[in-house]
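Here the structure is laid out as structure tokens; the discussion comes afterwards.
Because the structure is predicted, anything quoted here is derived from the model rather than measured.
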Amino acid sequence: MSEQKTLPTPTLPDFLHAHMNARMECSSGRHCAKLVLGDAVPGPGAVMLMTNDYLSLAADQRISRAKADALLKEGHGDAISRVFAHHRKDAHRRFELRVAAMMGAEDAALSMSGYSANVGLIEAFAVPGHPVYIDIRAHASLWSGVACGKAQARPFRHNNVADLDKKMAHYGPGLVVVDSLYSTSGAIAPLADIVEVVERHGGILVVDETHSFGTHGPGGAGLCVELGLEDRVHFRTAGLSKAIAARGGLVIGSKKAIEYYRYEANAMIFSTAVLGYEIAGFDTTLDIISAEPDRTTRLHDNHRYLKTGLHDLGYDVSASDSQIISIVTGPNRDTIRFRDALAREGVFGSVFLPPATPKDESLIRFTLNADLVEDELDHVIAACHAARPVVAPERLRRVKPSVAGTMAPSQSQAMSGAVSLR
């Protein structure tokens with residue numbers, strides 16, 4: 001293989017170098033989130049916990065065939081702004097109405113991504129003079145929507161209903177923005193309590209269901225439907241890159257509000273539409289989720305198994321309520337050491353650093369999926385046992401001697417080294 005040539009490039013000014021170096025390892029010129037272990041990259045037997053393919057559908061041939069058939073039959077369709085085609089009775093519109101019915105809502109709008117759905121929604125409905133109350137752990141796309149809408153953000157403490165109540169009593173009605181299932185911790189929002197506060201203060205509730213769409217509720221309709229709150233939540237959004245294992249985003253709400261969103265949100269006006277063959281994949285994916293509920297059962301079983309094993313090792317994973325488990329390791333350097341120790345054992349999670357986390361609260365995130373088997377989960381538990389010495393003691397709980405005896409036999413074997421690391 002020939003050596004890559006170094007091409008001439010313009011010299012970057014010092015102020016830009018300083019800006020980049022604040023987020024990179026200056027000595028190596030690489031970002032600290034980049035995995036570099038020589039040739040120790042994921043190999044046979046590695047357990048990958050970085051994917052958002054919760055229901056293990058990304059490689060499903062039924063979905064691939066549906067998209068291929070649509071592509072061969074109709075082409076990929078117009079790559080134009082959807083604003084010019086909302087009137088069409090086409091696959092886009094049929095899918096929007098299907099999702100609306102599934103989620104117990106009047107209407108839905110399909111956009112290019114979950115990010116654009118969130119940005120467009122808040123930009124369109126942030127009313128001047130009314131604040132946006134946003135959970136401090138809400139997804140970055142929701143914060144971007146506040147910035148794009150030039151709205152006044154009033155952050156409230158994570159999942160803290162009393163703090164939200166206090167702020168709304170002081171500042172008045174506005175948008176209230178939360179995730180149903182938080183992407184960095186796996187924590188589920190206290191939605192029923194939040195709904196009551198929003199109603200009492202005359203607010204508007206936005207719930208991002210990206211990480212619960214497909215994995216919770218009947219047929220994957222999400223946590224709002226599972227909790228019977230669908231008729232009390234004004235807007236829901238969902239990115240399709242998680243359980244649906246594709247690209248695209250949704251905004252769900254009343255018929256009038258969604259019609260306004262279609263023609264007023266810049267994210268809708270100035271983005272190209274999702275292509276037609278992709279919608280054939282969405283439809284087939286929803287069919288599979290509805291027909292095969294055992295996928296969600298396996299996903300949640302895997303979550304409980306791994307959470308128990310990590311808890312018994314002394315890791316604080318109490319925040320995790322569902323298929324995301326994070327281990328907070330502290331400053332960037334400690335997180336990278338822990339990440340590398342896991343990688344040497346053949347376990348790969350996702351690195352979360354500031355600004356995705358608070359300063360000195362960097363973490364490794366494990367995302368579970370339906371196809372993981374017990375041996376693989378034991379492998380992860382054993383790797384975390386081996387990597388435990390690199391974690392600062394104050395980041396670990398004290399493990400009572402009796403706790404180990406409460407583990408499932410395979411988890412105890414993993415800790416003792418009886419399960420080989422592949």
Side-chain angles (χ1 to χ4, degrees), residues 23 31-35 42 46-56 58 114-115 135-142 158-159 179-189 208 210-212 214-215 239 241-243 245 299-300 302-311 313-372 376-377 379-381 383-385 387-388 390-392 395-396:
R23 299 288 172 84
H31 196 283
C32 54
K34 185 177 181 180
L35 177 64
V47 181
M48 304 300 295
L49 299 176
M50 304 170 72
T51 176
N52 291 317
D53 181 19
Y54 296 136
L55 301 181
S56 304
Y115 192 99
D135 189 293
I136 59 171
R137 298 292 177 89
H139 192 265
S141 57
L142 296 166
H158 179 51
N159 276 349
D179 290 19
S180 60
L181 173 58
Y182 284 86
S183 61
T184 53
S185 66
I188 290 176
D208 182 348
T210 294
H211 289 271
S212 56
T215 62
S241 59
K242 315 309 177 190
L299 172 68
H300 298 309
N302 285 342
H303 165 256
R304 284 189 292 269
Y305 189 92
L306 183 58
K307 180 179 177 179
T308 298
L310 295 177
H311 176 274
L313 286 175
Y315 291 101
D316 183 2
V317 291
S318 57
S320 175
D321 298 316
S322 203
Q323 64 264 19
I324 298 164
I325 299 175
S326 292
I327 297 175
V328 179
T329 47
N332 288 0
R333 63 181 181 277
D334 293 342
T335 302
I336 299 310
R337 288 178 63 217
F338 184 66
R339 185 274 315 273
D340 292 350
L342 292 177
R344 282 189 286 270
E345 303 290 349
V347 172
F348 296 84
S350 300
V351 178
F352 276 58
L353 308 172
T357 67
K359 184 180 179 182
D360 292 335
E361 294 293 325
S362 299
L363 57 86
I364 299 295
R365 185 183 77 173
F366 297 148
T367 48
L368 284 297
N369 65 71
D371 278 357
L372 289 165
E376 291 173 311
L377 297 175
H379 181 176
V380 176
I381 294 166
C384 288
H385 178 58
R388 197 172 182 272
V390 308
V391 180
R395 295 284 173 180
L396 297 168

Exercise: identify the closest heavy-atom pair between [X] and [Y]:
X: Y54; Y: L368; answer: CD2-O, 3.3 Å
X: S326; Y: R365; answer: OG-CG, 3.5 Å
X: H211; Y: L181; answer: O-CD2, 3.1 Å
X: R395; Y: G330; answer: NH2-CA, 3.5 Å
X: G309; Y: I381; answer: CA-CD1, 3.9 Å
X: H158; Y: D135; answer: ND1-OD1, 2.9 Å

From [X] atom [atom1] to [Y] atom [atom2], the distance as rounded to the nearest 0.5 Å:
X: L299; Y: R304; atom1: CG; atom2: CZ; result: 9.5 Å
X: S185; Y: F352; atom1: OG; atom2: CZ; result: 10.0 Å
X: L306; Y: E376; atom1: CG; atom2: CD; result: 11.5 Å
X: R388; Y: L310; atom1: CZ; atom2: CG; result: 11.5 Å
X: R337; Y: D340; atom1: CZ; atom2: CG; result: 10.0 Å
X: S318; Y: K307; atom1: OG; atom2: NZ; result: 7.0 Å

Ignoring hydrogens and angles, tell me if any N or O in the side chain of [X] forms a donor-acceptor pair with the backbone of [Y] under 3.5 Å.
X: D53; Y: A58; result: yes
X: T367; Y: T51; result: yes
X: S212; Y: S180; result: no
X: D179; Y: A189; result: no
X: H139; Y: Y115; result: no
X: N302; Y: N369; result: yes

Margin query: Looking only at side-chain N and O atoms, does T329 offer a donor or acceptor that is under 3.5 Å from a partner on D334?
Written below: no

Checklist line | Distance-only side-chain donor-acceptor flag, H303 / S320, under 3.5 Å | finding: yes

Side-chain contact test, heavy atoms from C-beta onward, threshold under 4.5 Å: evaluate it for [X] versus [Y] and give yes or no.
X: T335; Y: V351; value: yes
X: F366; Y: V317; value: no
X: S362; Y: R333; value: no

Next item on the list: Start with the C-alpha distance between I325 and L49, add both sets of side-chain angles, then the distance that settles side-chain contact (heavy atoms from CB on, under 4.5 Å), and finish with yes or no.
Entry: CA-CA 10 Å; I325 299 175; L49 299 176; over 6 Å; no

Note to self: Tell me whether the rings of F338 and Y315 are parallel (<30°), tilted (30 to 60°) or perpendicular (>60°).
What the structure shows: tilted

Check: Of L313, V347, I364, which is the lone residue that meets side-chain contact (heavy atoms from CB on, under 4.5 Å) with C384?
Finding: L313

